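Right, one structure below, let's go through it.
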Amino acid sequence: MKEVTLKSRAIAFAMCAGAVAFILALSATSAGGVDVSNVSRALIPAVVCAVLCWASAERSIAGTASAIDAAIARLARAAQGDLAGDIPAEIGENVPQLASAMHSLFEQLNANLDSVSRLAMFDAVTGLANRTNFRRTCDRMLADLPAGRPGGGVGALFFVDLDRFKAVNDTMGHACGDILLGMVANRLRAVADGVPLRSDNTAPLIGRLAGDEFTLFFPAVHDPAEAARIGRNLLFALAEPFDLAGNAVSIGASIGIALRPQHGDALPELMRAADAAMYYAKGNGRGRAEHFSVELAARIAERATLESDLREAIERDEFTLVYQPQVTTSDERIVAAEALLRWRHPREGMRLPLTFLPCAEESGMIVEIGEWVVHTVAETIARWARSGIEQRLAVNISPRQIDHASFFRRLRETMAVARAPARLLELEISETLAMQCSDDVLEAVALLRGDGATIAIDDFGTGYSNLPRLRALPIDRIKLDRSLIEHIADDANARTIAQAVIGLIHGLGCEAVGEGVETHAQAEILRVIGCDVIQGYAVAAPMDERDFIAWSQSEVRWAAVG
C-alpha cells in the first residue's frame, strides 16, 4: 500500500473543504430543485475554497511535511540498523527540535550498543578480550595467516596461569583480587608492547579466559627462541611484587607455550597444547615457562591411557591388597601388617602403587580407590577376627581423604557394619598431612582412636614438623622414613641422626617403627639404637593374604631377621 504522507493528507483536507463548500453552495442555490445550472454555480465556490485551502496548507506545512516525511524515512532506516548515516538537512531547516532529538537518540543508541558490545566481548575487570572475543579474533587471525611463513616466522600462543592468586583472593578479598588482576593485565600489555612487530604489523592479542587464566597470541614471532624469550619476560614481569593496598604481594605464574604450525594450525589444537604445557610447568615446581613437545604429547597420551585404564580397573575390581609384616626388634614378634595396594593390570601384570597412585590423586579417582581399600581392610579384619587371627592391619590415608572429617566418620561406620574390631585397625598419615589437617579432622581421628584404633605418622623425617603440634596429635606410632635408614649401616652420621630421631619419638610417648629395612645389618643397628619395630624386605616381602597367614604362623619365619 502506498505510504500516506503529510502532503497527501493536506490534499485530502483541501478536497474535503471544497466538498463541504460545494454542498453548502448547492443547498443555497437549489430552492426549487437541483439542475445543471445550480451544480455549475455551486462548483465555483467549491473549487475556490479547495484551492485556497490547498494554497494555505502548502504555504504553512509544505516544508514541515517534507521534513517530517524525511524524518520518517530516516527513522525507518535506523530501525534496519543504520545509526551512522546523516540526518537530512531539510529536517534541521524546518523542524530543528526534531533534528536535535534524532541526533541525541542516535548518539545514545550508539553508546548503548558500544557498551553492550564491550560487556559481551571484553572482560570488565581487566579490559582484555574475554574468552569469546579471544577465540573469535584469534580464529580470524589464524585464518588470515598462511601455514608456512617466509623466513621461518611462527605464531606463538601463551597460556598463563597465576600461581598464588587464590591465596590473595582468600586473604585480602575479591575487591583486592580484581585490582590485582588489572595490574597483571597491565604487565602483560607491557610485555606484549615490548615485542617488535614484524613486517605485517599484526599486533598481539591478549585475553583473560577465566579466573586467573590469561592467554596471549603473537601471530608473527621470528622463531621458537623468540617465543622462549617472550615467555621469560612474562615470568619476570609477573614475578615482581605487586603493590596492593600498601602490601608487597608476590604471585608468580606458570606458562605453557604452543607454536604454529608445529603444534597445530587451528586454535583448539594450540589451546590444548599450551594448556598441557602450562600444567606440566605447574607440576614441575611452578614459576616456569614450558614449550609443548613431542615428549610431552607422549606423556599426555600415556596419562590419558592410564586414566582410562584406572576407571576400568575400578569398574572391573582389578585392585588387590598384599600384606607386609612388622616385627619387634626385641623379641621378633609380629605386631602388625601394612596393607599395600596393587593393581592386577590385564596387560601389564601386577603394578606397584607409585606407577598409578599419583595419577589417581590428581584425577580424584583416589577417593573411590581409597573407599575400596577401607572396605576391603574392614572385611579382612572381621574375617580374620572370626577365624581367631588377632592381627592389626595398617592402611595409608590419601591427602584427598584426610582433608575431610566425613571420611573418618564413614570409616567408623564401615568398621561397625563389618563388625571389625577397631583395635585391629591402624591408620597411617604422612607427616606433612598431619601438620596441616584441620581441627575437625583431628577430632574425627581422635574418635577413631577412642574406639581402639592405632594412629601412625608415616614418612617421618621428610617434612617439616611443628613439635608442639606433633605432641598434641592423637598418635601412637611414628614411622621413620626409609631415607633415614638407608645409610645407617655404613655412615656414622646417619646412625647418629636415626638414633636422635628415635629418641625424639620416644620422648613424645610414641613407638618408633623403621620402614624400608632392606638388610640384616640395618635391622641389627635399629635394634641396638632403640627402634621398637621394623618393616621391610629384611623381614619379608609383601605377600597375598594366604601366604601372609601361612608366614605368620610358621615357626621359621624369623630366619630372615635373625
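Keep in mind that what you see is a predicted model, and the values were worked out from it rather than measured.
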Would you call [X] and [Y] a side-chain contact if the rule is heavy atoms closer than 4.5 Å?
{"X": "V249", "Y": "P241", "answer": "no"}
{"X": "R286", "Y": "S254", "answer": "yes"}
{"X": "M278", "Y": "E290", "answer": "no"}

Taking [X] for its side chain and [Y] for its backbone only, find out whether a donor-acceptor pair lies under 3.5 Å.
{"X": "T137", "Y": "F134", "answer": "no"}
{"X": "T496", "Y": "A492", "answer": "yes"}
{"X": "E213", "Y": "L209", "answer": "no"}
{"X": "S363", "Y": "C359", "answer": "yes"}
{"X": "D163", "Y": "G287", "answer": "yes"}
{"X": "R208", "Y": "G211", "answer": "yes"}
{"X": "R272", "Y": "A276", "answer": "no"}
{"X": "D481", "Y": "L484", "answer": "no"}
{"X": "E269", "Y": "D265", "answer": "yes"}

* Asked: Would you call the rings of F319 and F356 parallel, tilted or perpendicular, where under 30° means parallel and over 60° means perpendicular?
  -> tilted

* Take D317 and W372 through the test side-chain hydrogen bond (donor to acceptor under 3.5 Å, both in side chains) and record every step on the way to the result. => CA-CA 9 Å; D317 195 21; W372 178 89; 3.1 Å; yes

* Hey, could you give me the CZ/CG distance between R135 and N130, rounded to the nearest 0.5 Å? => 11.0 Å

* Structure fact -> Separation between CG (L181) and CD1 (I251), nearest 0.5 Å, reads 8.0 Å

* Step through it carefully: locate the ring centre of Y280, locate the ring centre of F292, and say whether they are under 6.0 Å apart. => no

* Asked: Passes side-chain hydrogen bond (donor to acceptor under 3.5 Å, both in side chains), Q326 versus R477? Steps please.
  -> CA-CA 12 Å; Q326 301 172 355; R477 313 172 85 202; 2.9 Å; yes

* Determine, step by step, whether D459 and K479 satisfy the salt bridge (charged side-chain N to carboxylate O under 4.0 Å, His left out) criterion, reporting the C-alpha distance in whole Å, the side-chain angles of both residues, the deciding distance to 0.1 Å, and the verdict. => CA-CA 6 Å; D459 302 327; K479 301 181 72 173; over 6 Å; no

* Go through L188 and F214 one step at a time and tell me if the side-chain contact (heavy atoms from CB on, under 4.5 Å) criterion holds. => CA-CA 9 Å; L188 296 180; F214 296 83; 3.7 Å; yes

* **Shortest non-hydrogen contact from I488 toward A498** => CG2-CB, 4.0 Å

* M172 versus N247, closest heavy-atom pair with distance -> CE-ND2, 3.6 Å

* Six-ring centre of F242, R187 cation under 6.0 angstrom, axis tolerance 45° -> yes

